[in-house]
Engineer: 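Please read through the structure below; I'll follow up with questions.
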Amino acid sequence: MIDVIKCDFLKKGRICVHFDNGTQFVLYRSEARAFRIEKEARLTEENYQKLLDEVVTKRAKKRAMYLLERMDRTESQLREKLKLGGYPEESIDAAIAYVKKFHYLDDYRYACTFVRYSQEKMSRQQMRMKLGQKGISRELIESALDEEYRADEQEQIFRLLQKRHFVEGTAADDKEFRRTYQYLIRRGFRSNDILKAMKK
């Protein structure tokens with residue numbers, strides 16, 4: 001038997017149910033009533049699994065589909081969204097497997113698309129950092145860069161220098177030179193490329 005040890009009442013008619021096996025998940029009150037869920041209630045293993053599979057995991061799959069319809073996401077981002085929605089790890093894993101089966105979730109495709117549309121305004125290094133923050137593996141990031149990155153970083157640096165009205169040897173004193181150099185370093189450009197562009 002599995003015991004309900006706590007019920008937290010949330011907004012929009014939802015309840016976060018805590019079980020003595022260490023799991024917790026969110027139910028709508030109508031779902032909780034259907035399974036007679038209340039504090040100190042007891043569920044058989046069979047009913048607990050039925051609740052998890054037929055209610056919670058089924059809803060997690062629908063939620064995952066809905067989130068991906070609204071915008072493309074990485075696996076890490078989708079996991080985080082579902083976790084914030086109160087879904088347990090088991091349901092999240094099932095939802096991820098479900099959307100992957102239909103190719104709605106693909107980190108490599110996401111990385112390739114990101115590189116394709118961002119390469120004119122970001123350096124390779126900046127894209128590595130951005131994609132890494134989205135939870136994409138280093139291996140997939142490098143594959144996507146090799147596949148899609150065609151930008152001329154020297155040209156990007158020139159455009160940024162023009163935008164900042166940088167002119168070496170005239171208006172650019174040492175302080176301005178250092179400030180501009182550091183700005184470009186933070187944008188992920190290589191030191192040699194920056195100095196080469198700044199001295200032209």
Side-chain angles (χ1 to χ4, degrees), residues 2 8-19 21-35 37 43 45-151 156 187-188:
I2 296 174
D8 294 327
F9 290 88
L10 310 174
K11 294 177 181 177
K12 298 180 181 177
R14 297 175 303 153
I15 304 170
C16 183
V17 185
H18 302 254
F19 297 91
N21 62 359
T23 62
Q24 64 182 64
F25 46 76
V26 175
L27 296 172
Y28 286 98
R29 290 182 189 180
S30 58
E31 295 166 346
R33 280 196 300 271
F35 281 82
I37 300 290
L43 277 77
E45 291 278 353
E46 184 183 356
N47 276 345
Y48 172 81
Q49 202 59 47
K50 186 178 179 183
L51 175 63
L52 192 61
D53 295 342
E54 295 180 14
V55 177
V56 182
T57 300
K58 185 178 178 181
R59 184 154 27 85
K61 290 175 182 177
K62 286 183 179 177
R63 180 66 177 161
M65 290 287 283
Y66 173 78
L67 289 168
L68 291 172
E69 281 171 6
R70 290 174 67 86
M71 65 178 284
D72 204 11
R73 298 172 194 270
T74 65
E75 180 176 335
S76 175
Q77 288 173 325
L78 184 58
R79 281 186 179 278
E80 187 60 29
K81 272 285 189 185
L82 292 172
K83 191 174 179 182
L84 288 172
Y87 294 99
E89 207 63 40
E90 186 178 331
S91 297
I92 293 173
D93 288 342
I96 295 290
Y98 178 77
V99 293
K100 275 186 173 180
K101 185 170 69 174
F102 297 105
H103 305 288
Y104 291 123
L105 185 68
D106 184 330
D107 278 3
Y108 179 65
R109 184 188 67 214
Y110 183 102
C112 284
T113 302
F114 184 89
V115 171
R116 196 178 310 128
Y117 291 105
S118 303
Q119 60 183 306
E120 290 305 321
K121 54 182 183 284
M122 290 187 195
S123 65
R124 289 176 75 98
Q125 189 55 35
Q126 198 173 18
M127 283 194 279
R128 282 189 185 100
M129 185 182 70
K130 295 278 186 186
L131 288 168
Q133 288 170 349
K134 294 173 187 293
I136 298 179
S137 72
R138 187 176 299 174
E139 184 183 346
L140 288 182
I141 293 170
E142 292 306 321
S143 295
L145 285 166
D146 290 344
E147 180 72 25
E148 298 289 343
Y149 195 75
R150 300 287 179 272
Q156 285 183 10
R187 298 287 295 246

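All values below were derived from every heavy atom in this structure, side-chain atoms included, with hydrogens, water molecules and symmetry-related copies excluded.
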Engineer: With a 4.5 Å limit on heavy-atom distance, are the side chains of Q24 and C16 in contact?
Structural biologist: yes

Engineer: Once you round to the nearest 0.5 Å, how far does CD1 of I92 lie from OG1 of T57?
Structural biologist: 10.0 Å

Engineer: Looking at R124 and D146, is there a salt bridge between them, counting it only when a charged N and a carboxylate O are closer than 4.0 Å?
Structural biologist: yes

Engineer: Which heavy atom of V99 sits nearest a heavy atom of A64, and at what distance?
Structural biologist: CG1-CB, 3.9 Å

Engineer: Any side-chain heavy atom of Y87 sitting closer than 4.5 Å to one from V56?
Structural biologist: yes

Engineer: State the CD-CZ distance between Q119 and F114, to the nearest 0.5 angstrom.
Structural biologist: 11.0 Å

Engineer: Go through the steps to decide whether K81 and R63 satisfy the test side chain to side chain contact (heavy atoms under 4.5 Å, CB included), and finish with yes or no.
Structural biologist: CA-CA 9 Å; K81 272 285 189 185; R63 180 66 177 161; 5.5 Å; no

Engineer: For K61, is the NZ atom crowded, meaning more than 12 foreign heavy atoms sit under 6.0 Å from it?
Structural biologist: yes

Engineer: Taking side chain as C-beta onward, heavy atoms only, is I15 less than 4.5 Å from D8?
Structural biologist: no

Engineer: Name the orientation class of the two ring planes belonging to F25 and Y48 (parallel below 30°, tilted from 30 to 60°, perpendicular beyond 60°).
Structural biologist: tilted

Engineer: Please test R73 against L68 for side chain to side chain contact (heavy atoms under 4.5 Å, CB included), starting from the C-alpha separation and ending with a verdict.
Structural biologist: CA-CA 6 Å; R73 298 172 194 270; L68 291 172; 4.0 Å; yes

Engineer: Within a strict 4.5 Å, meaning less than it, do heavy atoms of the R138 and R128 side chains meet?
Structural biologist: no

Engineer: About how many Å separate CG of L52 and CD of Q49, when rounded to the nearest 0.5 Å?
Structural biologist: 5.5 Å

Engineer: When you check the gap from the basic side-chain N to the acidic O, do K83 and E89 get nearer than 4.0 Å?
Structural biologist: no

Engineer: If we ignore hydrogens and angles and just use 3.5 Å, is the side chain of T74 paired with the main-chain N or O of D107 as donor and acceptor?
Structural biologist: no

Engineer: Quick one: pull up CZ in R14 and CZ in R29 and give me the separation to the nearest 0.5 Å.
Structural biologist: 10.5 Å

Engineer: To the nearest 0.5 Å, what is the distance between CD1 on I136 and NZ on K130?
Structural biologist: 13.5 Å

Engineer: Hey, mind stepping through V55 and Y28 against side chain to side chain contact (heavy atoms under 4.5 Å, CB included) and telling me if it holds?
Structural biologist: CA-CA 10 Å; V55 177; Y28 286 98; over 6 Å; no

Engineer: Donor-acceptor pair, distance only, cut-off 3.5 Å: does the side chain of R109 make one with the backbone of H103?
Structural biologist: yes

Engineer: So how far is it from I141 CD1 to Y110 OH, rounded to the nearest 0.5 Å?
Structural biologist: 11.0 Å

Engineer: Hey, is R79 close enough to D93 for a salt bridge, meaning N to O under 4.0 Å?
Structural biologist: yes

Engineer: Can you tell me if E148 uses its side chain to pair, donor with acceptor, with the backbone of L145 under 3.5 Å?
Structural biologist: no

Engineer: Tell me if a side-chain donor or acceptor on T23 pairs with a main-chain N or O of F19 at a distance below 3.5 Å.
Structural biologist: no

Engineer: Kindly give the heavy-atom pair with the smallest separation between A60 and L82, and that separation in Å.
Structural biologist: O-CD2, 4.0 Å

Engineer: Could you please spell out the steps behind the side chain to side chain contact (heavy atoms under 4.5 Å, CB included) verdict for I37 and L51?
Structural biologist: CA-CA 10 Å; I37 300 290; L51 175 63; 4.1 Å; yes

Engineer: Would you mind reporting whether S76 and K134 have side-chain heavy atoms less than 4.5 Å apart?
Structural biologist: no

Engineer: Can you tell me if S123 uses its side chain to pair, donor with acceptor, with the backbone of R187 under 3.5 Å?
Structural biologist: yes

Engineer: Determine yes or no for a side-chain-to-main-chain donor-acceptor pair under 3.5 angstrom, with R116 supplying the side chain and Y149 the backbone.
Structural biologist: no

